[in-house]
Each structure stands twice: as C-alpha cells, then as structure tokens.
Enquirer: 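Got a structure for you, questions after.
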Protein chains: 2
Amino acid sequence: MSGLTPRKEDYIKAIYKLSERNRAVRVKDIAQVMGVRAPTVVGIVSMLKEDGYVEQEPYGYLELTALGREKAKALIHREQLIYKFFEDVLKLPSDEAKDNACAIEHYISPVCLERLLFFIEFISTCPHVKPKFLEHFSKFINDGDDINLACVACCCHEMSQESEVAQ
Amino acid sequence: MSGLTPRKEDYIKAIYKLSERNRAVRVKDIAQVMGVRAPTVVGIVSMLKEDGYVEQEPYGYLELTALGREKAKALIHREQLIYKFFEDVLKLPSDEAKDNACAIEHYISPVCLERLLFFIEFISTCPHVKPKFLEHFSKFINDGDDINLACVACCCHEMSQESEVAQ
DNA sequence: TATCTTTTTTAGCTTAGTATAATTATGTAC
DNA sequence: GTACATAATTATACTAAGCTAAAAAAGATA
C-alpha cells in the first residue's frame, strides 16, 4: 500500500537493470546490487508486489509488471538525463556521475529536471556553441584556475579585437 | 551519539538561519519552518545536544555551539553553491532553485560539487563567454525548442553572419 | 497571588528500512 | 529417494523520523 518512496524506486530500477542483464532475477541478486541482506529485499519487494509493480511466485524469480516496467523506464530516464549532464557537461568521471545521478534523481523537481534538460540540449545541439564551449570548459578544468589560459580557445576570443568585453 | 543524518543537517541549518533573523530561537519556531510538530523537534534537538551541536537550558531558547555554527556555515555554503547554479545558470525561479538546492545538497559528492563550482566560475567569470552565453541561454529558454531562433544571438553567429535577430 | 495561556517535555505509538537468527522450500548429488 | 546445499521467507529487534495526547514548566494577566 501507499506510495513509492525513494528507496522503493531504487529497488524498481535495480530489478529492471538486472532483468536486462540476467533474464532471471532473484532476491539474492537484488540484495547484492543494493548492498543489503535478503530479508530487506523480501520486505521491500512484498510492498512492491502489493502495489502492483512486481510479480513473483513463492520462492520464485522476480519480474516487473507492465506498470513496474513503465515506472522503471521513467525513473531510469530521469537518472540518465542527470547522468548525462554530470558526465558530458561537467566532465565528471563516469562512476562519480552515475552515483550522483542515482542519489539525487529522487529529489530533483520536474521543473528543475526539465531546465537541466534544456541546458544539455542547448549545450549539445546548438551548432554555434557546442564544439567550442565544451572544449573550452575542458581546458578550464584541466588548467585549473587560470581563466585566461582557458579562454584563448573560446570562439568569442577570436573576434575579441572587435568587441571589447567589460567586467 | 552517532553521525549526522540529512535530516539532522536540515535542523542545524534551520537553527542557524533562524538565529540570524530572530535573535532567540524556540522549539516552536523550528517546528514551524521545518513543517513538523514540537515533539519531533525536541527529539531531534536532544540528539543534536548530545552530539554537541546545540545548547539549551531546560524550557529555554536554543543556540548552536561553535561546532554547530561551523557545521551550519559549511552546509549552507554547499547549499548556496547549488542554489546559485540553479538560479544563475539554469535560470530557475528563486523558490524552485532554493527548494531543489536544499533537497539535493546532502546527496551530492564533494567531487561533484567542486565540479559544479568550477562550472559556475567558468560561466560567470570568463570575460569572453559570460555575457553572451547567459543571454543566449535565456533566449533559448524563452523561445522554447527552436534552437535556431535562440542561436541567432550567439556571439559565434554574429561572427559568421550579419543578420538581424528575429525575436 | 491565583488562574489561564503558551510552550516544552514526556510517554507511547507508527512506518520505513535495516539487521540477525531460525525456518521452510527448492534443487541437485549421490 | 533421501540428504545436503542454496535460496527465500518468517520472526524479531533496532534506529530514524514522524505523530498524538497529556503532563509540566514558564509567562501573562486579572
């Protein structure tokens, strides 16, 4: 009964991901990937069964229902957007990006996520900004705090003899 | 005893913020801003007292210890960095930005936060990128999904073409 | 001073999420 | 086809964070 907590959402995602890799998903597998003991999984999963996200014959394998799969896909989509931002834009190492995306996914509002998506789109599809901007930011990260060193790669720099930028 | 949970961190921040506004902080005030009942506050605060973050005479006002203030400042600093990103870069409404920053603050890793800080610095201090980039992104948000409409404001665009902006 | 109101505290209950230990079911090997 | 190994489940208990209801302290007022 009752709604999905962040933790239950994590379990739904885990079952989905395992079922893509393994075919047969067992309580033990979930316990392993979630870093908990089997009884914990049984407890959470029994709630997910009541809520219609999961099906399981006694002592058998676990499967997501159609509802569960839809939910999982939506959750993983959210997670992926955030992951993409952390990895592609902020240039975080893949693991770090993944962990952070998974952790904060539950707490970001729809509006915030939408705006983040806008931003990723903006950065990665605008034909004028995309290549220079990301390259520029990469340099900024690598060279540390020396802004001017990074800035020589900027597209705007190339035309900066014409328009002097204040501030 | 034991460590700080995300929720306890929220209470420390709340006490700090209240003490800046009010002078005297009461259980009732914290209950109000945290959206809980007084006994909940008493319970959490009694743990924070044991851990040395808070001091209170019986039935009296609450005060952060030196340790508590340091902790609060560090937490609020983190929160502010994320808030700044959401508001200044992603252009979220202030309330939305604040709520999201507060919610995810506990879950973002130090590395991720550092990188976010880099990014804010990059966006807001690079003299070549700053003005054009943010202006450009604002247009992108306002004009929705039409990339090309947004892109006519790009500094790179001006460089290559001499066309007037269709707003 | 005595009473009434407000605030804090205590006591006891609930739910989510975890654990260990014991029990039950399944499956495989002889 | 019994016996052992593995896996799932049940029983029980703990912690964090919340609640209500009632008791106790402080403050205000007639």
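Below, read A as the first sequence line, B as the second, and so on, with proteins coming before strands; counting in each chain starts at 1.
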Enquirer: Look at the side chain of A/P39 and decide which nucleotide, out of C/dA19, C/dT26, C/dT8, has an atom nearest to it.
Expert: C/dA19
Enquirer: Between A/Q56 and D/dT9, is there a side-chain N or O to OP1/OP2 distance below 4.0 Å?
Expert: yes
Enquirer: Would you compute the distance between atom OH of B/Y11 and atom OG1 of B/T40 and round it to the nearest 0.5 angstrom?
Expert: 6.0 Å
Enquirer: Classify the angle between the aromatic ring planes of A/F119 and B/F119 as parallel (below 30°), tilted (30 to 60°) or perpendicular (above 60°).
Expert: perpendicular
Enquirer: Are A/F118 and A/F85, when compared by the centres of their aromatic rings, separated by less than 6.0 Å?
Expert: no
Enquirer: Could you state the NZ-C1' distance from B/K8 to D/dA17, rounded to the nearest angstrom?
Expert: 10 Å
Enquirer: Give one of base, sugar-phosphate or nothing for B/V42, where a contact means two heavy atoms less than 4.0 Å apart.
Expert: base
Enquirer: What nucleic acid atoms does A/E57 come within less than 4.0 Å of, heavy atoms only: base, sugar-phosphate, or nothing?
Expert: nothing
Enquirer: Counting only side-chain N and O atoms of B/T40, is one of them less than 4.0 Å from OP1 or OP2 of D/dC19?
Expert: yes
Enquirer: Using whole Å, report how far CD1 of A/I44 lies from C1' of D/dT9.
Expert: 15 Å
Enquirer: Which is true for A/Y61 with a 4.0 Å heavy-atom rule: it touches a base, it touches only sugar-phosphate, or it touches nothing?
Expert: nothing
Enquirer: In whole angstroms, how far is the P atom of D/dA17 from the CD atom of B/E9?
Expert: 10 Å
Enquirer: My understanding is that only one of A/K49, A/R26, A/E63 makes a side-chain hydrogen bond (donor to acceptor under 3.5 Å, both in side chains) with A/Q56; could you say which?
Expert: A/K49
Enquirer: Whole-Å distance between D/dA8 C1' and A/R26 CZ?
Expert: 11 Å
Enquirer: CZ of B/R37 versus C1' of D/dA22: gap in Å, rounded?
Expert: 15 Å
Enquirer: Testing A/K98, A/K73, A/K17, A/K84 for salt bridge (charged side-chain N to carboxylate O under 4.0 Å, His left out) with A/E79, which one passes?
Expert: A/K17
Enquirer: Provide, to the nearest angstrom, the distance between the OH atom belonging to A/Y59 and the P atom belonging to D/dA8.
Expert: 10 Å
Enquirer: What is the distance, rounded to the nearest whole Å, between atom CD of B/Q32 and atom P of C/dT7?
Expert: 11 Å
Enquirer: Can you tell me the distance, in whole Å, between the NZ atom of B/K28 and the P atom of D/dG27?
Expert: 14 Å
Enquirer: When we call it a touch if two heavy atoms are under 4.0 Å apart, what does A/T5 touch: a base, just sugar-phosphate, or nothing?
Expert: sugar-phosphate
